[in-house]
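Notes follow once the structure below has been shown.
In what follows, every heavy atom counts, from backbone to side chain, and hydrogens, waters and symmetry copies are set aside. Residue numbers start from 1 in every chain, and the chains themselves are labelled A, B, ... in the order their sequence lines are given, proteins ahead of strands.
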Amino acid sequence: MTKRQTRLFFLGSTLFFALIFIGLTIDSHRQISALTHSDQMTADVIAGKRVWHEKNCTNCHTLLGEGAYYAPDLTKIAEQRGAAYLSQFLKNPAAFYSEAKDRRLMPNLNLGDEQIRHLIAFLSWVSRIDTNGWPPRPLLVSGAFPGSSPAHAQQAAASSDPVALGEALFRKSPPACAACHSTAEGVQLVGPSLAGIAARAQQRLGDPEYRGHAKTAEEYVRESIVAPSMFLVAGPTFSAGGRSFMPDNFGHSLQASEIDHLVAYLMTLK
Amino acid sequence: MRFKSQRVAYYYFVVALLLYGLQVVFGLLSAAKYLGPDPLLHLLPFDKTKEIHTNILIVWVLTGFMGAAYYVVPEESRTEIYSEKLAYGQLIAWTLMGLTTVTGYVFGWTAGNKLLEQPLPMKVVIVLVMLAFLFNIGMTIRKAGRWTTTEAVLVAGLVLSALLYLPALIDFENYTVGIFYRWWTVHLWVEGVWELIQGGLLAFLLIRLSGADREVMEKWLYVIVGLTFIAGILGTAHHYYWIGVPHYWAMFGGTFSALEPLSFFGMAVYAYSALRRSGLSHPNRLALHWTIGSAVYSALGAGILGLAHTWPAVNKWTHGTLITAMHGHMAFFGAYVMIVLAMITYAMPALTGRDEEQSSAVGMWAFWLQVAGMFGMTMAFATAGIVQTYLEHILGIGYLDTQHKLSVHFVMLMGTGSLFAVGVLLFLVDFFFLAVKPRVHGDSRAGSGAAWTPSSAAQASK
Ligand code: HEM
Ligand code: HEM
Ligand SMILES: [Fe+2]
């Protein structure tokens, strides 16, 4: 082999692979619109992306798994949390987390209401991008998501037991119930622990504050899922201005049978 | 030093090394915040220290590359630099750009795009300075009418670096498209065109340090950089697995990025065979250490540790964890920090008039402490990353709960990072305080010989 030949090898192979790369890039541009739902990129989404960059969120957080590793991944956060909670959190993170407990805290970035609305629109759009199955398992900010393995979910789907199906759905994301609710006694995440919810539901019906329509514990649990603001569990970080931080769209985003399963599961938590 | 104008390299190295010291300070600050709690939370939160840490890294490594080019090109083309004035002016503009950018970060002036955080006006300055630099280098070569392969590979790397920075100036509306092109800069730099720079400098150093046959060395240099592009161009797709682009990229990314280590292993073999032939007899033992070190550590950090998480089935679990930081540190240090430090220690005797055999004990300590410290830091990030991957991504335990369990690894990171920082400090002491000892010496192999020093030059110009 001479130097002339190795130079040819270098130039030839570089040109060859660069051309393939550019060809694939052109093809990708034809597909990215569909994969990212670019038709849903409203003016709010684009404005939110600008805030994301201006406020340097990416140098603490990862988004689509890229960024810094100091703070939780936010790819699916909009799907897990919903707008009501996120807008309150972004206004004042210190109301929800404590540096003493977690050793770190998101600083208050002094975001305006508009900026927060745009950010949430942007993060919601990101949560719908086709990420080829990533993350393979829901990533949580805190708490635990045990038994959410694909095998576990398959097992549940194979059975027709509504309780098993409900438990599997509870741990899936979406609807990400388990991202906000622990089923262990006394473990408060974003929402209250649901340990003993079946028994507590019964007491709620007798609560003088209760203004809802439920007559039985089961109906109360169902109402809590589809109309969370009907009764607000007391707590400084559960609701604001009469509105629960729990997403209020489960009545639409879940099928009636799925809600039945969730209720069946929750009613086993005595 | 054969050509007087090569001295501009000295000032580039001064700026590069000062920034290196600053980079490490911000690395330690960032690591301290991982441990928490953070007394500076409202003054200088993590996002700012981290962005300053990585941006200073990029700026100083590029400063080092430019200084190295100003040293190598005159020697290879056998001529003085086209315009020394332009070289100094360019260094001043570049340094001001760097300092303005970093100060801006403290006050929240940022483009907030990972590793490309420079605000648009600063990006424009970067492009202009790069153009001035390339013009000066190009005219130097043109004036000489002569160039070597070593030099051509180095300059091609620099030209392509400037070219690949251009997509970073565009603001893409679609976040996914933005990420797609971010990697044209970031990936195609470190796993593409910067390897040309590393390869060119490595060839330059090996030819001089070992006296190996130039014709043979340059022949293999083409093979190495050929392998770089065969694997590295399509290897970009190892960043395209999960970002919302067509799924076929996973197959290309997995396959070709798995071949990327070949060129890094190639460089290690290259260095080994060059030195085996002629032995380790060169008097500048310090430069030899950094040169071999670069070849070995880039094979480990980029080759082995890159390979470790590049396959889609693995990356699915490790993506977005501290595993990436583990690999990023050792790869960047091995490939680009060490090669620049090798050039600096190689050129130092000629630039400062210090005797080569005098490679001080301090310089050796600086080498070994950095090597050991970086090894320890890599281990700290690796163990933290493995635990994080397992607890958070595989078992599904929450992020904050997982981080709590990583404290011991962050303590380890601080400890080994401090060791590393002492190594950097010793390097600076060696460079700034022990090296400037004007004396006449004449080792033609090193290309030195003139009794020139920055201080004597300053006197001469009066
Ligand atoms: C000197 C060469 C290299 C350097 C300096 C380097 C540096 C880096 C850095 C800084 C990152 C993080 C980038 C970001 O998130 O913005 C990264 C990511 C990555 N590198 Fe490298 N790298 C090198 C070579 C390699 C090689 C040869 C491989 C594969 C064999 C590799 C595989 C990866 C992968 C898979 C990621 C993405 C990790 C993730 O999932 O987030 N790297 N590298
Ligand atoms: C005392 C020494 C150092 C310490 C304690 C340190 C610490 C850190 C920390 C805590 C981060 C942030 C990781 C994150 O994104 O969450 C980081 C990022 C980074 N540092 Fe360092 N660092 C040190 C030295 C260096 C050196 C010498 C280099 C260059 C070779 C370097 C290159 C990088 C890179 C490329 C990143 C981005 C990594 C990524 O995003 O994956 N650091 N460092
Ligand atoms: Fe890469």
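When all heavy atoms are compared, the tightest approach of A:G143 to B:D401 is N-OD1, 3.0 Å. Here the closest heavy-atom approach between residue A:L64 and residue B:W242 is recorded as CD2-O, 4.1 Å. Of all the heavy atoms in A:R104 and B:Q403, the pair that sits closest is NH2-OE1, 3.0 Å. A:F9 approaches B:G226 most closely through the heavy-atom pair CE2-CA, 3.9 Å.
Ranked by heavy-atom pairs under 4.5 Å with chain B, the first of A:Y97, A:F122, A:F16 is A:F122. With chain B as the partner, the residue from A:L8, A:T25, A:D73 showing the most heavy-atom pairs under 4.5 Å is A:T25. Comparing B:Y240, B:Y248, B:Y241, B:F180 by how many heavy-atom pairs each has under 4.5 Å with chain A, the most go to B:Y248. Most heavy-atom pairs under 4.5 Å with chain B: of the set A:V126, A:L63, A:L24, this distinction falls to A:L24. Considering only heavy-atom pairs separated by less than 4.5 Å from chain B, the leading option among A:I129, A:T62, A:T14 is A:T14. In terms of heavy-atom pairs under 4.5 Å with chain B, the best-connected choice from A:N108, A:D27, A:L189 is A:D27. Ranked by heavy-atom pairs shorter than 4.5 Å toward chain A, the options B:L115, B:N113, B:L221 are led by B:N113.
With a threshold of 4.5 angstrom between heavy atoms, B:F410 approaches chain A through side-chain atoms but not through N, CA, C or O. For chain B, the nearby parts of A:L105 are the backbone and the side chain; heavy atoms of each come within less than 4.5 Å. Proximity to chain B is absent for every atom of A:M106, based on heavy atoms less than 4.5 angstrom apart. With a 4.5 angstrom heavy-atom cutoff, A:R7 touches chain B via backbone and side-chain atoms both. Heavy-atom distances place both the backbone and the side chain of B:P246 under 4.5 Å from chain A. Proximity to chain A involves both the backbone and the side chain of B:H393, based on heavy atoms less than 4.5 angstrom apart. With a 4.5 Å cut-off on non-hydrogen atoms, A:P135 does not touch chain B at all. Heavy atoms closer than 4.5 Å to chain A are found in the side chain of B:K50, but not in its backbone. Interface residue B:A111: only backbone heavy atoms are found under 4.5 Å from chain A. Interface remark: A:S33 contributes no atoms to any contact with chain B (heavy atom separation under 4.5 Å). B:E117 touches chain A through its side chain: at least one heavy atom from C-beta onward sits under 4.5 Å away, while N, CA, C and O do not. Only the backbone of B:T321 has a heavy atom closer than 4.5 Å to any heavy atom of chain A. When heavy atoms are compared at a cutoff of 4.5 Å, A:H61 does not approach chain B at all.
Taking the side chain as every heavy atom from C-beta outward, A:L35 and B:T176 never approach each other to under 4.5 Å. Looking at heavy atoms from C-beta onward, B:Y175 lies out of side-chain contact with A:V45 at the 4.5 angstrom threshold. In this structure, the side chains of B:I397 and A:L140 stay at 4.5 Å or more apart for every pair of heavy atoms. Two residues are said to be in side-chain contact when any heavy atoms from C-beta on lie closer than 4.5 Å; B:D38 and A:E99 meet this criterion. Using a 4.5 Å cut-off on side-chain heavy atoms (C-beta onward), A:N132 and B:K316 make no contact. A:R103 has its side chain out of reach of B:Y34: every pair of non-hydrogen atoms, C-beta onward, lies at least 4.5 Å apart. Side-chain contact between B:T110 and A:E54: absent, with no pair of heavy atoms (C-beta onward) separated by less than 4.5 Å. In this structure the side chain of A:L11 never reaches within 4.5 angstrom of the side chain of B:Y222, judged on heavy atoms.
Aromatic pair B:F256/A:F17: centroids less than 6.0 angstrom apart.
Rounded to the nearest 0.5 Å, atoms OG (A:S13) and CD1 (B:I230) are 4.0 Å apart. If you take CZ on B:R182 and OG1 on A:T58, they are separated by 7.0 Å, rounding to the nearest 0.5 Å. From A:N59, atom CG reaches atom NE2 of B:H53 across 11.5 Å, with rounding to the nearest 0.5 Å. One finds the CD atom of A:E66 at 8.0 Å from the NE2 atom of B:H239 (value rounded to the nearest 0.5 Å). Interatomic distance, OH of A:Y69 versus CZ of B:F381, reported as 9.5 Å (0.5 Å rounding). Atom CG of B:D171 and atom NE2 of A:H53 lie 7.0 Å apart (nearest 0.5 Å).
Relative ring orientation between A:Y70 and B:F46 is described as parallel, the plane-to-plane angle staying below 30° on a 0-90° scale split at 30° and 60°. Using cut-offs of 30° and 60° on the angle between ring planes, the pair B:W249 and A:F21 is perpendicular.
Proximity of a side-chain donor or acceptor of B:K114 to a complementary backbone N or O of A:G67 within less than 3.5 Å is detected. At least one donor-acceptor pair under 3.5 Å links the side chain of A:R137 to the backbone N or O of B:I394. B:K219 places no side-chain N or O within 3.5 Å of a backbone atom of A:R4 that could act as its donor or acceptor partner. Not a single donor-acceptor pair under 3.5 Å links the side chain of B:D47 to the backbone N or O of A:C60.
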Working note: A:K101 + B:L400, criterion side-chain contact (heavy atoms from CB on, under 4.5 Å); need CA distance, chi angles, decisive distance, verdict. CA-CA 10 Å; A:K101 175 169 169 284; B:L400 289 170; over 6 Å; no
Side chain to side chain donor-acceptor pair (under 3.5 Å) between A:T6 and B:W220, worked out: CA-CA 7 Å; A:T6 59; B:W220 286 104; over 6 Å; no
Start with the C-alpha distance between B:E51 and A:N56, add both sets of side-chain angles, then the distance that settles side-chain contact (heavy atoms from CB on, under 4.5 Å), and finish with yes or no. CA-CA 9 Å; B:E51 120 189 277; A:N56 212 18; 3.0 Å; yes
Starting from the C-alpha separation in whole Å, work towards a yes-or-no answer on side chain to side chain donor-acceptor pair (under 3.5 Å) for A:K3 and B:T149. CA-CA 10 Å; A:K3 191 160 129 187; B:T149 295; 3.2 Å; yes
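Residue A:Q40 qualifies as enclosed at atom CD: its count of foreign heavy atoms under 6.0 Å is above 12. At most 12 non-hydrogen atoms from other residues, nucleotides or ligands lie less than 6.0 angstrom from CH2 of B:W147.
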